[in-house]
Amino acid sequence: MTKKSRVPAGSLGKSDANSRVCLRGWVNRRRDHGDLVFIDLRDRSGITQVVFDAQFLPSPELLERAKELRSEFVLEVEGEVILREKEAINPDLKTGEIEVRATGLEILNRAETPPFPIEDEVRASEDLRLKYRYLDLRRPEMTRNFILRSDVTYRVRQLLHAEGFLEVETPILTKSTPEGARDFLVPSRIHRGKFYALPQSPQLFKQLLMVSGLERYYQIARCFRDEDLRADRQPEFTQIDLELSFPDEEDIYELIEKLFVAVFPPNGIPCEAPFRRMKYAEAMERYGIDRPDTRFGLELSTLDASASPSEILKKAQIVKGFAVPGGAGFARKRLDDLEFQAKNLGAGGLIWIKLDASLPGGWNSNAKKVLNEETIAAFRGKLQAADGSLLLVVAGKEKSVNDTLSTLRAQIGREEKLIPEGRYDFLWVTDFPLLEWHEDDGRWYATHHPFTSPKPEDLDYLETDPGRVRARAYDVVLNGMELGGGSIRIHRQDVQSRIFSRLGIGPEEAREKFGFLLDAFRYGAPPHGGLALGLDRMLMILAKAGSIRDVIAFPKTASGTCLMTESPGPVASDQLTELGIQIRPPQAGS
RNA sequence: GGGGUCGUAGUUCAGUUGGUUAGAACGCAGGCCUGUCACGUCUGAGGUCGCGGGUUCGAGUCCCGUCGGCCCCGCCA
């Protein structure tokens, strides 16, 4: 018996009329009219209506079998494609002009009633969807996300291959490194008491591949970070990771812009190169964040509070704010909520000022004591605020002021629907500081990572004024989301050692943790640099998904578990014994 | 670690001031139906109100604890 060749259900149309076809797929829905039974048959490509019509069936037994069909049964249907009568055409269905009149039916597998209906309009809660993920992925909108994901990685590989990049795999079992995120550890059986770490990124390996002379490397690389999750963060995620030898920043910008142009427009999102550029300092001043959403206004300004009657305001490290046009009409409850949030975000407080000509004095505020006419005038002038505006002002340390205002700005932008639909602002953020000071443990940390090259002209501030050293680092930002980042790396052993020492990593520790890298740099390391893109976040935007989970086939919950496999799970005690591991009960008070 | 929110039938939800037998829609099972496409129609089954404790004559409802989902802060070079 020869195998019948199968046709994708979603591909059928008028031009297939009168042809005999074989379909294989799932029962999406059944409509039983007695001697007439309709089945919507679904496969990856789409849906086609199959009709079992007593008038046309070769045997009555076939109708009996059609009546047995239930949701999600797996079928093979043979039949003839026929044009539907004009009145019977379904304009909502891609294949709605035709139907398949069945002449043969084989039930390949029966199915229990699924715990939730397989349809686009999600009615099931997310935990149920995650538990039965294989059913969730049957829903066409989810299937579509993975078709998209595959399309994107295909285009990326195609472009990078054409640009002379080699796809190279790097180890998943590797070495724990200081700095950065918490590592996932894997105990070694052979070397009792020692651990591998899963890579936070292939950073060091790709640099070593440059020393190897591969010149252009890329990888669609899984990365692991043992930190708490968010709507756009998973403990394992995928980066498009790349590195090249002898580049400058412009080479990287050009390459990534080319890559985005190859990926976004074919998937319906406009993307024009070259992208706008903004220096880190400007982004922080105008938006209070290093990944500004430039699709809407509400820009921040530093304000002059020198005329304030309040010492607190006058002595604050910085006073910044922004104006919400029309915001003078905000309800008191909403202002209280904003104030509550500001405090939760680490601000000492939030000053709101309503500019309303009909009020006595023309304004009102929750902080009249610290304000006077002169201060209001200064704020208002700087923010160019018209009557009817709401001013939101925060004073304090620069970091908390910026954190608070940038979050409030994003929130109000969303709530007031100031973000234009269909707009996509690609942006390079450049000139990051190389180092940042951490108050809690009183030391400098690498803003990007410890292998980022300082700007040569700033190198000598490294010892005298470390905060002033700028890095040859860049981020690519889309609509306020960091899609990726990278840098030109250090390729000289002496500069790398100076950075380590600035970070408080002494020669001994540097040798222990990164000896292989420092050794490699002694044998002719080319200048090199690269970038990594968050593939999942890119797909989130391309798929217009609300969560990173919708573009990852088998994601974890917010608490890092998998509801389908129930991982993480316990292991047998002899597995632990073999590894020399003993589980301690949680200590009281620890 | 902290804040917010949700948890009631297979699913999505409603459930008043604490009060009789916890409801609806969809789904499911059986019957009828030849042009449906969210088919229609008749009948029926289906509940550990997340879990544990407490208050009370009486708890889905109030209190305490706990578990789980989601969002945010911290964290994520």
Side-chain angles (χ1 to χ4, degrees), chain A residues 28-41 47-57 63 67 70-71 84-93 95-96 99 101 112-132 135 177-183 200-201 203 223-235 237 337 340-347 400 403-404 407 410-411 432 434-436 438 440 444-452 471 473 482 485 487 499 503 505 532 534 546-547 549 556-559 561 563 566 590:
Chain A
N28 196 62
R29 211 179 279 276
R30 159 189 66 113
R31 288 177 295 280
D32 184 346
H33 291 236
D35 284 344
L36 181 71
V37 176
F38 297 100
I39 295 293
D40 290 340
L41 185 138
I47 287 175
T48 284
Q49 175 167 281
V50 176
V51 58
F52 294 85
D53 188 332
Q55 271 182 9
F56 295 94
L57 289 176
L63 186 69
K67 283 168 129 16
R70 294 294 182 271
S71 284
R84 296 197 195 183
E85 299 292 330
K86 201 167 184 183
E87 315 79 64
I89 286 175
N90 181 353
D92 300 329
L93 196 63
T95 59
E99 63 192 356
R101 185 183 285 154
E112 285 181 27
T113 304
F116 55 87
I118 311 299
E119 59 192 19
D120 269 350
E121 201 179 312
V122 199
R123 294 217 311 254
S125 64
E126 191 157 6
D127 48 337
L128 200 68
R129 291 172 53 207
L130 288 172
K131 181 171 178 193
Y132 298 96
L135 297 181
T177 54
E179 310 275 306
R182 193 176 294 113
D183 286 317
Q200 297 177 26
S201 83
Q203 183 61 36
C223 304
F224 304 87
R225 294 176 192 178
D226 188 7
E227 298 292 348
D228 288 353
L229 291 80
R230 287 287 187 282
D232 62 353
R233 261 167 37 191
Q234 283 272 306
F237 60 99
D337 285 349
F340 176 75
Q341 278 183 51
K343 284 177 180 161
N344 275 348
L345 289 165
S400 76
D403 285 352
T404 305
T407 305
Q411 185 188 318
F432 281 80
L434 185 74
L435 303 164
E436 54 193 32
H438 279 214
D440 41 354
W444 293 96
Y445 279 84
T447 306
H448 190 55
H449 58 54
F451 317 106
T452 299
E482 183 194 328
S487 62
I499 300 290
L503 293 172
I505 302 172
S547 150
R549 292 183 297 277
K556 305 283 190 285
T557 66
S559 66
T561 63
L563 296 179
E566 297 185 316
S590 73

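Naming convention: chains lettered A, B, ... in sequence-line order (proteins, then strands); numbering from 1 in each chain. Fair warning: this is a prediction, and the values are worked out from it, not measured in the lab.
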Salt bridge check, [Y] against [X]: does any charged N sit closer than 4.0 Å to a carboxylate O?
| X | Y | result |
| --- | --- | --- |
| A:R29 | A:E119 | yes |
| A:R101 | A:D53 | no |
| A:R31 | A:D40 | yes |

Could you list the protein-to-nucleotides 23-27 of chain B atom pairs, N/O on both sides, closer than 3.5 Å?
{"from": "B:C26", "atom 1": "O2'", "to": "A:R123", "atom 2": "NH2", "distance (Å)": "3.2"}

_Between the base of B:G35 and the side chain of A:E99, is one N or O donor paired with an acceptor at under 3.5 angstrom?_
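Result: at least one qualifying N/O pair found.
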*Could a donor-acceptor pair under 3.5 angstrom be found where the side chain of A:D228 meets the base of B:G74?*
yes
Under 4.0 Å between any heavy atoms, over every strand shown, what does [X] touch: base, sugar-phosphate, or nothing? Just pick one.
| X | result |
| --- | --- |
| A:P117 | nothing |
| A:Q341 | nothing |
| A:R129 | nothing |

Report all interatomic pairs (protein N or O, nucleotide N or O of nucleotides 30-32 of chain B) with separations under 3.5 Å.
{"from": "B:G30", "atom 1": "OP2", "to": "A:R70", "atom 2": "NH2", "distance (Å)": "3.1"}

_With A:F432 via ring pair (Phe, Tyr, Trp, His ring centres under 6.0 Å) - residues at least two apart_ =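 Partners of A:F432 under the ring pair (Phe, Tyr, Trp, His ring centres under 6.0 Å) test: A:Y280.
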*So does A:S125 get a side-chain nitrogen or oxygen closer than 4.0 Å to the phosphate oxygens (OP1/OP2) of B:G68?*
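For B:G68, OP1/OP2 do not have a side-chain N/O of A:S125 under 4.0 Å.
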